[in-house]
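First the structure, in the form of structure tokens, and then the observations on it.
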Protein chains: 2
Amino acid sequence: MAGGQGRVLELAVLGSLHETPLHGYELRKRLNALLGMFRAFSYGSLYPCLRSLLARGLIAEEQPAPTAIVGGRSKIVYKLTAEGKERLQELLTQAGPAAWEDESFGVHFAFFRHTEAEVRLRILEGRRSRLEERLDAVRTALARTAERLDSYTLELQRHGLESVEREVRWLNELIATERRASSEERPERDTTSTDE
Amino acid sequence: MAGGQGRVLELAVLGSLHETPLHGYELRKRLNALLGMFRAFSYGSLYPCLRSLLARGLIAEEQPAPTAIVGGRSKIVYKLTAEGKERLQELLTQAGPAAWEDESFGVHFAFFRHTEAEVRLRILEGRRSRLEERLDAVRTALARTAERLDSYTLELQRHGLESVEREVRWLNELIATERRASSEERPERDTTSTDE
DNA sequence: TCGGGATGTATCGGCTCGATACATCGACGC
DNA sequence: GCGTCGATGTATCGAGCCGATACATCCCGA
């Protein structure tokens with residue numbers, strides 16, 4: 001009860017408000033532009049989320065400068081509080097399944113510039129294993145039933161596999177880039193030696 | 001109330017049972033293998049759906065052959081009724097947004113072999129316009145804000161765009177194949193002339 | 001001046017998922 | 001024989017989320 005909502009939307013809102021204070025309508029527009037192809041948040045979840053964050057003191061209403069008020073426009077601008085910034089950092093530090101599942105990975109990735117390098121790497125690797133798991137499952141299932149399937153089903157499977165394989169390659173590149181960047185940052189450290 | 005559920009799961013269940021009678025557990029396994037990369041149905045929606053279909057007379061319990069009963073195993077096998085087959089045909093005929101949105105397109109495509117050629121074409125084209133709409137929206141939003149974005153956000157947008165563009169190309173090929181097949185089937189008909 | 005489209009806040013019904021509970025079965029070691 | 005572990009199997013519950021909808025204001029052009 002009381003608008004608990006999942007951590008994904010919470011992170012998305014907190015992360016957006018970290019850049020600049022916003023009101024609901026604009027917040028939703030930015031979020032859906034930011035995530036573009038991956039998700040689309042709706043008011044039905046956004047407003048309860050804002051209410052919950054407000055109640056928990058993670059965001060606060062910001063009254064506009066008195067000079068700007070003319071007709072008493074009812075626009076509620078929210079800004080991040082100190083507690084909200086703390087909570088955001090906490091969410092950005094978490095590198096678990098909650099960060100690399102389908103629904104949440106995009107949001108976490110979108111705020112990677114506020115995330116520590118080590119956490120970034122673990123999320124990218126977690127995402128990759130998740131996808132490889134799925135590839136294995138589908139490939140074995142496909143091997144057992146391929147001859148029984150019609151051409152449409154087969155084509156669907158083929159296209160799905162290819163899409164996920166493509167995403168894995170994308171992740172590989174990102175991981176390589178992250179590794180390169182982090183080894184350049186402190187070249188003396190060599191714990192994993194040359195495992196790649 | 002009473003387990004109405006969306007039409008997607010209903011179609012998936014009806015379509016699967018059309019091949020062969022199944023019980024819940026096996027049904028879910030097949031569904032998730034069939035859709036593989038796209039969705040994963042859970043028991044929390046499957047069982048209410050089965051109950052609803054049962055109540056509406058679209059499926060029926062099939063008692064196993066008496067000779068096979070040994071310990072009275074509690075396995076509930078469902079089969080499609082005549083009304084269920086009718087309903088399935090009805091669902092397969094619908095070519096609207098409900099067929100080409102993200103959540104439903106995969107399921108509709110998976111049962112294309114039971115779908116009329118004309119409906120197939122309209123669903124594929126609907127899906128394509130849907131994706132192109134989204135591409136336009138993201139591309140214009142990107143053009144307006146590209147210089148303000150950090151490299152991670154930019155990379156996310158780029159990857160998202162590329163994935164969707166890839167899917168559009170895939171749809172283009174499928175549409176071309178469908179057109180070719182349908183024009184070979186009845187070569188005298190030439191309403192759209194040579195628009196391609 | 002009138003209407004339509006963008007802006008803006010808000011709620012409700014209903015669908016869906018993840019977690020969980022509970023029970024049986026077959027295979028394995030010992 | 002016996003415990004137990006993982007797969008099979010049915011089922012529910014809390015909670016989150018979406019689509020549709022309602023309502024109000026603002027701005028702009030015909």
Side-chain angles (χ1 to χ4, degrees), chain A residues 1-13 21-33 35 38-55 59 61 64 68-78 96-98 101-104 107 130 137, chain B residues 1-13 21-33 35 38-55 59 61 64 68-78 96-98 101-104 107 130 137 140-141:
Chain A
M1 204 177 283
Q5 98 282 327
R7 289 98 213 118
V8 189
L9 187 48
E10 180 177 322
L11 171 59
V13 169
L22 287 172
H23 53 104
Y25 189 84
E26 179 71 16
L27 183 54
R28 179 181 188 263
K29 276 209 319 189
R30 293 214 186 186
L31 244 30
N32 289 344
L35 301 174
F38 306 100
R39 343 189 13 149
F41 294 111
S42 73
Y43 294 124
S45 34
L46 179 58
Y47 281 111
C49 176
L50 284 172
R51 230 182 305 132
S52 159
L53 291 174
L54 198 56
I59 61 176
E61 292 186 28
I69 303 178
V70 179
R73 267 280 241 90
S74 65
K75 195 191 282 190
I76 309 173
V77 178
Y78 297 98
E101 285 303 312
D102 290 341
E103 336 77 52
S104 34
V107 177
R130 181 73 190 80
Chain B
M1 208 177 284
Q5 101 283 327
R7 288 99 214 117
V8 189
L9 186 48
E10 181 176 323
L11 171 59
V13 169
L22 287 172
H23 53 105
Y25 189 86
E26 179 71 16
L27 183 55
R28 180 181 187 263
K29 275 210 319 187
R30 294 217 185 186
L31 243 31
N32 288 346
L35 301 176
F38 307 100
R39 335 191 22 147
F41 294 111
S42 72
Y43 295 124
S45 34
L46 179 59
Y47 281 112
C49 176
L50 284 172
R51 231 182 305 131
S52 159
L53 291 174
L54 198 57
I59 61 176
E61 291 185 30
I69 302 178
V70 178
R73 267 280 242 88
S74 66
K75 195 190 281 189
I76 309 172
V77 177
Y78 297 98
E101 285 304 312
D102 290 340
E103 338 78 52
S104 34
V107 177
R130 181 72 190 81
T140 45

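Just so it is clear, the values below take in all heavy atoms, side chains as well, and ignore hydrogens, waters and symmetry mates. Letters A, B, ... are given to chains in the order of the sequence lines, protein chains preceding strands, and every chain is numbered from 1.
- By the ring pair (Phe, Tyr, Trp, His ring centres under 6.0 Å) test, B:Y43 is found to be paired with B:Y47, residues two or more places apart in sequence or in another chain being considered.
- Counting to the nearest Å, the C1' atom of C:dC22 and the OH atom of B:Y47 are 13 Å from each other.
- Comparing A:S42 and B:K29 by the nucleotide of DNA chain D whose heavy atom lies nearest to each, the residue mapping closer to the 5' end is B:K29.
- Checked options A:L31, A:L27, A:L46; the residue passing with A:F41 is A:L31 (criterion: side-chain contact (heavy atoms from CB on, under 4.5 Å)).
- From B:S104, atom OG reaches atom CZ of B:R39 across 8.0 Å, with rounding to the nearest 0.5 Å.
- Rounded to an integer number of Å, the gap from B:L46 CG to C:dA19 C1' is 16 Å.
- Between A:K75 and the phosphate of D:dC26, there is no side-chain N or O to OP1/OP2 separation shorter than 4.0 Å.
- Atom CZ of B:R30 and atom P of D:dG9 are 12 Å apart (whole Å).
- Rounded to 10°, the helix from C:dT1-D:dA30 to C:dC30-D:dG1 has 30° between the axis fitted to its first five pairs and the one fitted to its last five.
- Separating the OH atom of A:Y25 from the P atom of C:dT7 is a distance of 4 Å, rounded to the nearest angstrom.
- Residue A:P48 places its side chain closer to C:dT11 than to any other of C:dA10, C:dT11, D:dT10.
- Rounding to whole angstrom units, CG of residue B:L31 and C1' of C:dT16 are separated by 14 Å.
- Between A:S45 and D:dC17 there is no side-chain polar atom (N or O) within less than 4.0 angstrom of OP1 or OP2.
- In this structure A:R130 satisfies the salt bridge (charged side-chain N to carboxylate O under 4.0 Å, His left out) test together with A:E101, A:E133, sequence neighbours excluded.
- Between A:N32 and A:A40, the shortest heavy-atom distance links the atoms OD1-CA, 3.3 Å.
- Comparing D:dT10, D:dG19, C:dT9 by their closest approach to the side chain of A:I76 singles out C:dT9.
- Contact annotation: B:R39 side-chain N/O to C:dC17 OP1/OP2 distance is under 4.0 Å.
- Annotation: side chain of A:L50 is not in contact with side chain of A:I76 (no heavy-atom distance under 4.5 Å).
- With rounding to whole Å, A:E101 atom CD is found 18 Å from D:dG16 atom P.
- For C:dT9, the OP1/OP2 oxygens have no side-chain nitrogen or oxygen of A:R51 closer than 4.0 Å.
- Within the 4.0 angstrom heavy-atom criterion, only backbone atoms of the sugar-phosphate kind lie near A:G24; the bases stay farther away.
- For B:E26 and D:dG9, the CD to P distance is 7 Å, given to the nearest whole Å.
- Each of A:G44 and B:H23 has a nearest nucleotide on DNA chain D; the 5'-most of these lies closest to B:H23.
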Discussion item. Working note: A:H23 + A:Y78, criterion side chain to side chain contact (heavy atoms under 4.5 Å, CB included); need CA distance, chi angles, decisive distance, verdict.
Written reply: CA-CA 6 Å; A:H23 53 104; A:Y78 297 98; 5.5 Å; no
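- One interatomic measurement links the two molecules: CG of B:L50 to C1' of D:dG9, which rounds to 13 Å at whole-angstrom precision.
- Nearest heavy-atom pair, B:S45 versus B:L9, reported as atom, atom and distance to 0.1 Å: O-CD2, 3.3 Å.
- Counting non-hydrogen atoms under 4.0 angstrom, A:R28 reaches nothing in the nucleic acid.
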